[in-house]
Amino acid sequence: QVQLVESGGGLVQPGGSLRLSCATSGFTLDYYAIGWFRQAPGKEREGVSCISNSDGSTYYADSVKDRFTISRDNAKNTVYLQMNSLKPDDTAVYYCATGGGSYFSAPLHECGGFGSWGQGTQVTVFS
């Protein structure tokens with residue numbers, strides 16, 4: 001079955017960096033766009049970034065543009081989110097999701113809808 005497992009979250013000070021990983025199994029990663037989302041307490045889920053399956057095009061929410069970088073290693077069945085210059089507003093649970101589903105996010109519309117989700121990893125940026 002389709003599985004996505006996020007890792008790499010943690011505690012970091014403002015200005016610091018983290019790299020999140022999304023390990024996938026149960027499907028051929030090459031065929032799917034993958035998105036990263038986040039949800040802070042009391043807030044709606046927000047699309048952060050996605051990477052297409054076709055040509056590896058990447059897309060970002062304005063709030064993370066020029067700070068976050070998404071990449072994929074199809075041979076390792078893993079997608080990464082490198083997060084630099086972290087801010088307290090980046091504090092949230094971060095989720096990865098496969099493309100091909102029915103959940104759409106305006107900032108990530110180029111990647112289409114998203115379907116299966118991981119369990120999330122907590123990122124806390126504290127001063």
Side-chain angles (χ1 to χ4, degrees):
Q1 70 277 24
V2 173
Q3 283 194 318
L4 301 96
V5 179
E6 302 92 338
S7 62
L11 300 172
V12 64
Q13 291 186 326
S17 298
L18 286 173
R19 188 176 81 155
L20 305 184
S21 298
C22 173
T24 71
S25 61
F27 64 101
T28 303
L29 182 59
D30 309 42
Y31 297 161
Y32 290 85
I34 298 292
W36 282 98
F37 296 77
R38 66 187 182 186
Q39 188 165 19
K43 295 187 177 180
E44 294 189 354
R45 184 166 43 186
E46 172 189 16
V48 174
S49 180
C50 67
I51 185 166
S52 74
N53 59 304
S54 55
D55 60 1
S57 295
T58 58
Y59 305 91
Y60 299 92
D62 288 344
S63 58
V64 305
K65 205 168 290 183
D66 300 325
R67 299 189 298 122
F68 290 12
T69 303
I70 190 172
S71 61
R72 63 193 297 158
D73 186 336
N74 290 338
K76 294 184 178 180
N77 294 317
T78 302
V79 177
Y80 304 97
L81 185 68
Q82 178 67 44
M83 306 188 297
N84 298 329
S85 302
L86 283 161
K87 305 174 181 179
D89 284 350
D90 295 319
T91 295
V93 178
Y94 284 71
Y95 302 89
C96 60
T98 63
S102 59
Y103 182 87
F104 288 85
S105 170
L108 310 184
H109 70 279
E110 295 278 2
C111 289
F114 294 89
S116 299
W117 298 81
Q119 84 291 345
T121 186
Q122 176 71 46
V123 171
T124 303
V125 185
F126 69 100
S127 54

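Note that this is a predicted model, so its numbers are computed, not measured.
Residues Leu108 and Trp36 have side chains not in contact (no heavy-atom distance under 4.5 Å, counting atoms from C-beta outward). Gln82 places none of its side-chain heavy atoms less than 4.5 Å from the side chain of Phe68. Counting only heavy atoms from C-beta outward, the side chains of Thr121 and Ser7 never approach each other to under 4.5 Å.
For the pair Ser49 (side chain) and Tyr59 (backbone), a donor-acceptor distance under 3.5 Å is present.
Across Ile51 and Cys111, no two heavy atoms sit closer than the pair N-SG, 3.9 Å. Contact record, Leu29 with Asp73: CD2-O, 4.1 Å, taken as the closest heavy-atom pair. A pairwise comparison of heavy atoms in Gly47 and Ser105 identifies CA-OG, 3.4 Å as the closest pair. Contact between Val64 and Val48 at its shortest, heavy atoms only, is CG2-O, 3.6 Å. Summarising the geometry of Ala40 relative to Ala92, their closest heavy-atom pair is N-CB, 3.8 Å, with the distance given to 0.1 Å. For the pair Glu46 and Ser63, the tightest heavy-atom approach, listed with the atom from each and the gap, is OE2-OG, 3.3 Å.
Applying side-chain contact (heavy atoms from CB on, under 4.5 Å) to Asn74 and the options Val79, Asp30, Asn53 leaves one that passes, Asp30.
In this structure, Tyr32 places its OH atom where only 12 or fewer heavy-atom neighbours from other residues, nucleotides or ligands lie under 6.0 Å away. More than 12 heavy atoms of other shown residues, nucleotides or ligands fall within 6.0 angstrom of atom NZ in Lys65. Surrounding CZ of Phe104 are more than 12 heavy atoms belonging to other residues, nucleotides or ligands, all under 6.0 Å away.
Interatomic distance, Gln3 CD to Phe27 CZ, rounded to the nearest 0.5 Å: 10.0 Å. Put simply, CZ on Arg72 and CG on Leu81 are 13.5 Å apart, with the number rounded to the nearest 0.5 Å. Atom CD of Gln119 is separated from atom CD of Glu6 by 4.5 Å, given to the nearest 0.5 angstrom.
In the hydrophobic cluster analysis, where Ile, Leu, Val, Met, Phe, Trp and Tyr join through side-chain heavy atoms closer than 4.5 angstrom, Leu11 is grouped apart from Leu20. Both Leu86 and Ile70 are assigned to one and the same hydrophobic cluster, defined by single-linkage of ILVMFWY side chains at heavy-atom distances under 4.5 Å.
Partners of Asp55 by side-chain hydrogen bond (donor to acceptor under 3.5 Å, both in side chains), not counting sequence neighbours, listed by chain and number: Ser52, Ser57.
Sorted by first and then second residue, the side chain to side chain donor-acceptor pair (under 3.5 Å) pairs involving residues 14-27 (not counting sequence neighbours) are Ser17-Asn84.
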Given side chain to side chain contact (heavy atoms under 4.5 Å, CB included), test Thr69 with Tyr60 step by step and report yes or no.
CA-CA 8 Å; Thr69 303; Tyr60 299 92; 3.9 Å; yes
Could you walk me through whether Val2 and Trp117 pass the side chain to side chain contact (heavy atoms under 4.5 Å, CB included) test, one step at a time?
CA-CA 9 Å; Val2 173; Trp117 298 81; over 6 Å; no
Can I get a per-line list of side-chain donor-acceptor pairs under 3.5 Å for residues 94-103, giving both atom names and the distance, sequence neighbours left out?
residue : atom : partner : partner atom : Å
Tyr94   : OH   : Arg38   : NH1          : 2.9
Tyr94   : OH   : Asp90   : O            : 2.6
Thr98   : OG1  : Ser116  : N            : 3.2

